[in-house]
Amino acid sequence: MPSKNLTREIEVDITSKHVINDIDHGDNVRVRIIASDDNWIESDAIAQLKKTAELPGMKLAVGLPDLHPGKGQPIGAAFVTENIIYPHLVGSDIGCGMTLYEFKKSRRKLKFDKLEKQLRNFESIDEEVADCVDSPPDLSAFDFPNELNKKLGTVGGGNHFFECQSVHEIIDEAAFDCINVNKNSLFLLVHSGSRGLGQHILTQHVSQYGGAGIKDDSADQYLLKHNFANDWAVLNRQVIADKIERLVGSGLKNILDVSHNHVYPLSASECEALQLNTDQKYWIHRKGASPSNQGLVMIPGSRGSLSYLVKPVISSNGHSAISGFSLAHGAGRKWKRSDCKGRISHRFTVKELESTPLGSRVICENRNLLYEEAPQAYKNIDGVVSDLVDAGLITVIASFKPVISFKTTRK
DNA sequence: ATGTAC
């Protein structure tokens, strides 16, 4: 693969703006986009990244190769702040992420026609499964509404999905061997989050404090709720897998779980790697960005393309500070949701959209979602992954091919 | 993304 010019770096001087809340932000903020010149990124997303970088206490704003516009702040971005936390930069789906499993039942015994039929029953057991989760999170600890736990084990809408996959190509044999899975197995990738809970927490926070950030010495309540939502999201993905185990009659072995919407403190060595004053406290906000400092990461493409299992590069001075210890979380949208129906419905029939060029099947009874999540609505994952490779942030272990993608059986 | 908001 030819080496490309990477990292368009923009220095934004915000010294004269926004002196609020006793937070000194006299230093320049660094705004960085990790993308090659041939990776098209919407100008709105770059404008949102720069705008967000002007928030008080901001030290570093990184756009990953899947950067695209969001609601006010961009998606596919990581933000390092000093002594302040911004709940709206985490967003409403706190703890949203990816979990990868290996089906224990051998691939030969998993017939795809039968598997599809079994998975089509996924939502018919929503209630009974949610009601018998072994140790449901204690919502009363924060006065959260009891109904929230009824969503445990549900996928949700938007870009959420689960997908059965097979190994397409192993690029790094040694690293693949370390994962201790069979290359002939079927795999399950689950993408979901904290459903109504994260939404509730953000709404509650905004109604109490407005859109401003919180100084971290008074952020305990938010952080406790945020951590609760992260745990809830991890459990949600686990319960989704439990349902699939039950429907398919195969065990599932967990390989990795990675959240891409959260805020966490940076360690002392990470602060040092970013050349930040270690007397202060620094926070990494990730909005649609995977951590590069927590082990292996799965970067899925659209339902019509490959997903990549990658190993973050650990540089001599720790994990890669250049990207704010973060990676792309997916391909990134190319088209706005509202544009998809108009662009796609006259080109493809529903039947055509229910399978993909890679031969996989799509379970999505909701017409709008079928258009909004069509492969054409997303950028090419290969370019996103090669940008991360060329930036020295990852090495690729293996690629995975979709077999069955599940969105919803509800109209 | 959300048992949305118009």
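Throughout, a chain's letter reflects where its sequence line sits, starting with A, and its residues are numbered from 1.
Ring centroids of A:Tyr308 and A:Phe400 are separated by 6.0 Å or more, keeping the two rings apart.
Rounded to whole angstrom, the span from the NZ atom of A:Lys71 across to the P atom of B:dA5 amounts to 10 Å. Between the CG atom of A:Asn366 and the C1' atom of B:dG3 there is a distance of 14 Å, given to the nearest Å. As a whole-Å value, the separation of A:His200 NE2 from B:dG3 P is 13 Å. B:dT2 atom C1' lies 15 Å from atom CG of A:Asn368, rounded to whole Å. Atoms CD (A:Gln204) and P (B:dT2) sit 18 Å apart, rounded to a whole Å. Atom CG of A:Asn146 and atom P of B:dG3 are 16 Å apart (whole Å). Regarding A:Arg410, its CZ atom lies at a distance of 12 Å from the P atom of B:dT2, rounded to whole Å. Between the NZ atom of A:Lys407 and the P atom of B:dT2 there is a distance of 10 Å, given to the nearest Å.
Listed by chain and residue number, nothing satisfies the side chain to side chain contact (heavy atoms under 4.5 Å, CB included) test with A:Asp231 (two or more places apart in sequence, or in another chain). A:His200 pairs by the ring pair (Phe, Tyr, Trp, His ring centres under 6.0 Å) definition with A:Phe144, not counting sequence neighbours. Remark: A:Ala331 pairs with A:Tyr378, A:Ile381 by the side chain to side chain contact (heavy atoms under 4.5 Å, CB included) rule, at least two apart or across chains. In this view, A:Lys151 and A:Thr154, A:Arg195, A:Trp232 satisfy the side chain to side chain contact (heavy atoms under 4.5 Å, CB included) rule, not counting sequence neighbours.
Judged as a ring-ring contact (aromatic ring centres under 6.0 Å, His included), not a single pair has a partner in residues 331-376 of chain A (not counting sequence neighbours).
DNA chain B lies under 4.0 Å from at least one heavy atom of each of the following residues of residues 147-156 of chain A: A:Lys151, A:Gly156.
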